Amino acid sequence: MSEKTKATADPAGEDDRYQRIWEAVAGIPTGCVLNYGEVARRAGLPGKARLVGRALGLAPKKMALPWHRVVNAQGRISFPEDSRKAAEQRRRLEEEGVEFEGGSIDLDRFSPERALDRMLWGPG
DNA sequence: CGCTTGACAAAAG
DNA sequence: CCTTTTGCCAAGC
């Protein structure tokens, strides 16, 4: 067979990428956040942070993924500041106990790895 | 089929 | 803190 076209979108199947990304996002504990690049890395797709944003946008609402727990590498929400989406994401995060320091989140403090620390020592 | 977009990231100035 | 530049890659047009 001539496979010259390289099939950018594997029609044969074998394209778990979005599935794996969704699973990685679903695995973020309540009250924690991860940046896009980290989610990509956990999904086995290092360097493909942009694909994570695409996957979230394409995710069926039925999935009820914790999409709000994914922010950019600067700890900031990646929607326009005045948008509804940004407001909703911030509201959801604050409701889970994630604190914003002047518009941004301390990614190190609210990483899943520190979830136990916060439980034992409390925030801050 | 090539050019543009975008829920990104890291580095540099 | 900010902006610009570069790399990245799938979708959309």
Side-chain angles (χ1 to χ4, degrees):
Chain A
M1 298 123 74
S2 56
E3 71 267 40
K4 200 166 287 195
T5 46
K6 259 194 298 182
T8 52
D10 296 302
E14 285 297 355
D15 211 351
D16 308 55
R17 290 176 300 175
Y18 290 162
Q19 188 65 49
R20 294 211 304 261
I21 290 171
W22 291 330
E23 286 172 9
V25 173
I28 307 174
T30 303
C32 301
V33 297
L34 285 181
N35 62 53
Y36 294 88
E38 183 60 23
V39 171
R41 196 182 66 73
R42 290 185 177 211
L45 301 164
K48 299 186 183 173
R50 297 189 92 139
L51 198 58
V52 173
R54 192 175 312 287
L56 289 179
L58 292 174
K61 189 168 187 174
K62 191 121 187 185
M63 277 184 153
L65 284 176
W67 56 269
H68 55 283
R69 295 177 196 149
V70 186
V71 296
N72 64 30
Q74 285 69 50
R76 297 177 64 67
I77 290 174
S78 291
F79 286 112
E81 197 170 337
D82 52 8
S83 69
R84 280 194 149 281
K85 284 292 204 174
E88 183 187 351
Q89 184 168 9
R90 175 160 182 160
R91 181 183 55 71
R92 285 186 165 205
L93 286 172
E94 290 182 324
E95 209 157 311
E96 296 183 354
V98 177
E99 298 171 18
F100 283 75
E101 303 163 16
S104 67
I105 302 166
D106 186 328
L107 291 181
D108 185 59
R109 242 181 84 200
F110 292 95
S111 70
E113 289 73 23
R114 301 232 165 157
L116 180 58
D117 285 9
R118 289 199 304 283
M119 193 160 71
L120 295 175
W121 296 85

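Treat the numbers as computed from the prediction; the structure is a model and nothing was measured. Just so it is clear: chains get the letters A, B, ... in the order the sequence lines come, proteins before strands, and each one is counted from 1.
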> Using atom CG of A/Asp82 as one end and atom P of B/dA7 as the other, report the distance to the nearest whole Å.
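In whole Å, B/dA7 P and A/Asp82 CG are 14 Å from each other.
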> To the side chain of A/Phe79, which of B/dA7, C/dC9, B/dC8 is closest?
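Of B/dA7, C/dC9, B/dC8, B/dA7 is nearest to the side chain of A/Phe79.
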> Do A/His68 and A/Glu95 have side chains that approach each other closer than 4.5 Å (heavy atoms only, starting at C-beta)?
no
> Using atom P of each nucleotide, how far apart are C/dT6 and B/dA7 to the nearest Å?
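Here C/dT6 and B/dA7 have their P atoms 22 Å from each other.
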> Take the protein atom CD of A/Glu38 and the nucleotide atom C1' of B/dA9, then report the distance between them rounded to whole Å.
13 Å
> Which atom pair, heavy atoms only, marks the closest approach of A/Ala55 to A/Ile21?
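Smallest heavy-atom distance, with atoms named: CB-CG2, 3.7 Å.
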> For A/Gly47 and for A/Leu58, find the nucleotide of DNA chain C with the closest heavy atom, then tell me which residue's nucleotide is more 5'.
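It is A/Gly47 whose nearest nucleotide is closer to the 5' end.
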> It should be established whether A/Arg17 places a side-chain nitrogen or oxygen under 4.0 Å from OP1 or OP2 of nucleotide C/dA10.
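A/Arg17 to C/dA10 OP1/OP2: side-chain N or O found under 4.0 Å.
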> Please determine which of A/Glu96, A/Glu94, A/Glu88 meets the salt bridge (Lys or Arg N to Asp or Glu O under 4.0 Å) test together with A/Arg92.
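Passing option: A/Glu88.
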> Can you identify which nucleotide, out of C/dA10, B/dC8, B/dA9, has its nearest atom closest to the A/Ser78 side chain?
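Of the options given, the side chain of A/Ser78 lies nearest B/dC8.
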> NA contact type, A/Gly57, heavy-atom cut-off 4.0 Å: base, sugar-phosphate, or nothing?
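Base contact.
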> Can you find a side chain N or O atom of A/Tyr18 that sits less than 4.0 Å from OP1 or OP2 on C/dA11?
yes
> Rounded to the nearest angstrom, tell me the gap between atom CD in A/Glu81 and atom P in B/dA7.
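Rounded to the whole Å, the gap is 16 Å.
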> Roughly how many Å is it from OH in A/Tyr36 to C1' in B/dG6, rounded to a whole number?
11 Å
> Between A/Leu56 (CG) and B/dG6 (C1'), how many Å, whole number?
13 Å
> Are A/Arg69 and A/Val25 close enough that some pair of their side-chain heavy atoms sits under 4.5 Å apart?
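They are not in contact (no side-chain heavy atoms under 4.5 Å apart), so the answer is no.
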> Listed by chain and number, what are the side-chain hydrogen bond (donor to acceptor under 3.5 Å, both in side chains) partners of A/Arg41, not counting sequence neighbours?
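A/Arg41: side-chain hydrogen bond (donor to acceptor under 3.5 Å, both in side chains) contacts with A/Glu38.
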> B/dC8 P sits how many Å from A/Ile21 CD1, rounded?
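In whole Å, B/dC8 P and A/Ile21 CD1 are 13 Å from each other.
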> Does any donor-acceptor pair link the side chain of A/Arg54 with the base of C/dA11 at a separation under 3.5 Å?
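Between C/dA11 and A/Arg54, which were checked side chain against base, a qualifying N/O pair under 3.5 Å is absent.
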> Would you say A/Asn35 reaches B/dA9's phosphate, i.e. side-chain N/O to OP1/OP2 under 4.0 Å?
yes
> Rounding to an integer number of Å, can you tell me how far A/Leu45 CG sits from B/dA9 C1'?
16 Å
> To the side chain of A/Arg50, which of C/dC9, C/dC8, B/dA7 is closest?
C/dC8
> Atom CD of A/Gln74 to atom P of C/dC2: distance rounded to whole Å?
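Checked: the CD to P distance equals 10 Å.
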